[in-house]
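So the structure is just underneath, and the comments pick up after that.
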Amino acid sequence: MTMDVMTKKEVLGVYQPGSAHMVGDGFPVRNLFPSNELDREVDPFLMLDYAGPRHFPPTEHPRGVGEHPHRGFETVTIMYEGAVAHRDSAGNAGVIGPGDVQWMTAASGVVHEEMHEAQWARQGGTFRAIQLWVNLPQAHKMSAPAYQTLVNDAIPAIDLEGGSGRLRVIAGTFRGRKGPARTCTPVELYDLQLQAGARFELTLPEGHNTSVFVLEGRVSVNSAVAGEAELVVSKGQGSLVSLEANDHSRLLIMSGKPINEPIARYGPFVMNTKAELVQAVEDYQRGRMGHLSSPDAE
Ligand code: MN
């Protein structure tokens with residue numbers, strides 16, 4: 001009997017959204033984790049919200065979520081439809097639209113707002129995005145905040161064999177193509193589209209926790225079948241992920257080396273200890289994470 005050199009990553013489970021709620025008044029999200037009691041299994045990822053797809057009528061008053069803080073991790077916003085305008089207390093601002101990704105490193109703390117972009121809001125339309133939180137190791141939780149706008153054109157897109165699909169490398173590498181995101185720990189983040197009937201095998205680093213989120217279609221992931229808004233979580237062991245698309249599918253593949261440190265969470269703060277959370281709340285309340293300047297003052 002022979003053993004495959006590459007072993008498949010064993011599927012832990014297929015998860016449906018564990019909760020649904022509005023973030024501010026602009027982001028109707030379905031949460032995949034930390035609901036579903038997924039925690040260590042998805043380390044280094046902390047949260048996955050799928051916003052929309054939802055139609056918003058035209059308005060002169062852009063919806064969204066106003067000034068709020070983050071500390072200890074990164075927020076990654078992947079746009080599919082619509083446009084988001086962001087600005088933060090570190091002085092960064094930007095607009096992302098379909099195909100763009102915003103990678104914000106909150107680290108020691110920022111205050112920011114995330115709104116539907118004004119011109120898009122005026123026209124209205126379908127909004128769809130993912131927000132993923134990526135943890136930082138203790139050594140970087142109190143580093144200076146950073147901000148990366150990864151525009152569509154800067155994200156390598158690789159056409160798969162025989163027109164069977166297309167993979168965009170947001171972070172990590174695929175077939176020697178490197179994604180533009182600078183990450184603190186090893187992370188692979190791929191936006192993948194597969195045609196109906198396509199089969200595709202992907203090799204990811206041994207030991208990385210790998211999840212596949214289905215935005216559209218229906219796929220089997222190492223023989224576990226998942227449909228719209230479902231998440232397939234695999235164990236770290238093994239390296240092979242074998243995908244088969246029943247329908248035209250759009251997937252987000254998230255994989256990363258587990259940080260394996262204690263996690264203490266309180267709302268928008270994710271640290272290693274309760275004492276650090278208490279400190280984070282105090283620092284925010286005392287204005288040590290800064291404030292947004294008034295838009296009129298710019
Ligand atoms: Mn935020």
Side-chain angles (χ1 to χ4, degrees), residues 1-19 30-50 73-74 76 78 130 132-138 167 169-175 179 181 183-192 194 198-215 217-246 249-265 270 272:
M1 215 172 104
T2 55
M3 287 279 288
D4 287 331
V5 177
M6 302 278 191
T7 55
K8 283 187 180 179
K9 284 183 181 285
E10 192 186 333
V11 172
L12 182 70
V14 178
Y15 300 87
Q16 298 183 336
S19 74
R30 289 178 275 176
N31 180 269
L32 278 298
F33 57 84
S35 65
N36 284 311
E37 294 179 24
L38 289 168
D39 182 359
R40 287 284 160 202
E41 300 80 359
V42 292
D43 182 4
F45 306 107
L46 293 165
M47 191 205 77
L48 176 64
D49 269 349
Y50 183 34
F73 60 96
E74 305 182 289
V76 177
I78 304 154
I130 281 177
L132 178 68
W133 290 5
V134 182
N135 205 1
L136 289 169
Q138 187 200 5
L167 186 148
V169 190
I170 300 166
T173 57
F174 174 77
R175 294 184 184 168
T183 67
C184 192
T185 59
V187 167
E188 295 83 33
L189 191 61
Y190 305 148
D191 169 22
L192 176 62
L194 292 175
R199 287 165 179 247
F200 175 58
E201 282 203 338
L202 185 61
T203 307
L204 290 158
E206 169 75 36
H208 283 204
N209 285 331
T210 300
S211 301
V212 178
F213 180 67
V214 182
L215 289 94
R218 192 162 185 82
V219 291
S220 87
V221 182
N222 287 345
S223 303
V225 177
E228 194 255 348
E230 293 184 335
L231 180 76
V232 181
V233 178
S234 300
K235 295 179 181 173
Q237 300 88 341
S239 54
L240 204 63
V241 177
S242 183
L243 300 166
E244 198 175 333
N246 296 352
S249 299
R250 188 151 194 182
L251 315 171
L252 182 70
I253 297 179
M254 295 154 274
S255 189
K257 184 181 179 185
I259 292 172
N260 280 326
E261 290 179 359
I263 293 170
R265 295 173 179 252
V270 183
N272 298 109

| remark: The reported gap from CG in Asp39 to CD1 in Ile263 (rounded to nearest 0.5 angstrom) is 5.0 Å
| request: Kindly say whether Ala171 contributes a backbone atom to a donor-acceptor pair with the side chain of Tyr190 at under 3.5 angstrom? | output: no
Under 3.5 Å, side-chain donor or acceptor atoms of residues 230-238 against the rest of the protein: list the pairs with distances, not counting sequence neighbours.
| from | atom 1 | to | atom 2 | distance (Å) |
| --- | --- | --- | --- | --- |
| Glu230 | OE1 | Gly227 | N | 2.8 |
| Glu230 | OE2 | Gln16 | NE2 | 3.0 |
| Lys235 | NZ | Glu10 | OE2 | 3.3 |

| said: Please give me the minimum heavy-atom distance between Ser239 and Met6, naming the atom from each residue. | reply: OG-SD, 3.5 Å
| message | Checking Val42 against Leu32 for the side-chain contact (heavy atoms from CB on, under 4.5 Å) test, could you report, in this order, the C-alpha distance in whole Å, the side-chain angles of both residues, the deciding distance, and whether it holds? | response | CA-CA 11 Å; Val42 292; Leu32 278 298; over 6 Å; no
| said: What's the separation between atom CG in Leu194 and atom CG in Leu167, rounded to the nearest 0.5 Å? | reply: 8.5 Å
| If only atom types and distance count, is the side chain of Ser220 paired as donor or acceptor with the main-chain N or O of Val225 below 3.5 Å? | no
| message | Rounded to the nearest 0.5 Å, what separates atom CD1 in Ile253 from atom OG1 in Thr210? | response | 8.5 Å
| Can you find a pair of side-chain heavy atoms, one from Arg265 and one from Leu46, that are under 4.5 Å apart? | yes
| query | Of all heavy-atom pairs between Met47 and Asp49, which one has the smallest distance, and what is that distance? | reply | CE-OD2, 3.3 Å
| message | Could you go through Phe45 and Leu38, starting from their C-alpha distance and side-chain angles, then the distance that decides it, and tell me whether this counts as side-chain contact (heavy atoms from CB on, under 4.5 Å)? | response | CA-CA 10 Å; Phe45 306 107; Leu38 289 168; over 6 Å; no
| said: For the backbone of Pro262 and the side chain of Asn272, can you confirm whether one donor and one acceptor N or O come within less than 3.5 Å of each other? | reply: yes
| request: Answer whether the closest heavy-atom distance between the side chains of Lys257 and Pro205 falls below 4.5 Å. | output: no
| remark: Of all heavy-atom pairs linking Val219 and Ala245, the shortest is CG1-CA, 3.9 Å
| Which atom of Thr203 lies closest to which atom of Leu240, heavy atoms considered | OG1-CD1, 3.8 Å
| Can any side-chain N or O of Asn31 pair as donor or acceptor with the backbone N or O of Asn36 at less than 3.5 Å? | no
| By salt bridge (Lys or Arg N to Asp or Glu O under 4.0 Å), which residues pair with Asp43, not counting sequence neighbours? | Arg40
| message | Using the ring-ring contact (aromatic ring centres under 6.0 Å, His included) criterion, which residues pair with Tyr50? Sequence neighbours excluded. | response | Phe213
| field | Minimum heavy-atom distance between Leu251 and Leu215, given as atom pair plus value | value | C-CD1, 4.0 Å
| task | Would you check, one step at a time, whether the test side-chain contact (heavy atoms from CB on, under 4.5 Å) holds for Phe33 with Leu132? | result | CA-CA 10 Å; Phe33 57 84; Leu132 178 68; 4.2 Å; yes
| request: Find out whether Leu202 and Leu192 are in side-chain contact, i.e. whether some heavy atom of one side chain is under 4.5 Å from a heavy atom of the other. | output: no
| said: Looking at every heavy atom in both His208 and Pro258, which two are closest together, and how far apart are they? | reply: CA-CD, 4.3 Å
| said: Quick one, Ile170 with Val76, criterion side-chain contact (heavy atoms from CB on, under 4.5 Å). Give me CA distance, side-chain angles, the key distance, then yes/no. | reply: CA-CA 10 Å; Ile170 300 166; Val76 177; 5.6 Å; no
| How about Asn209 and Glu41: do any of their side-chain heavy atoms sit closer than 4.5 Å? | no
| message | Using modelled atom types and a 3.5 Å cut-off, is there a donor and acceptor pairing between side-chain atoms of Asn222 and backbone atoms of Lys9? | response | yes
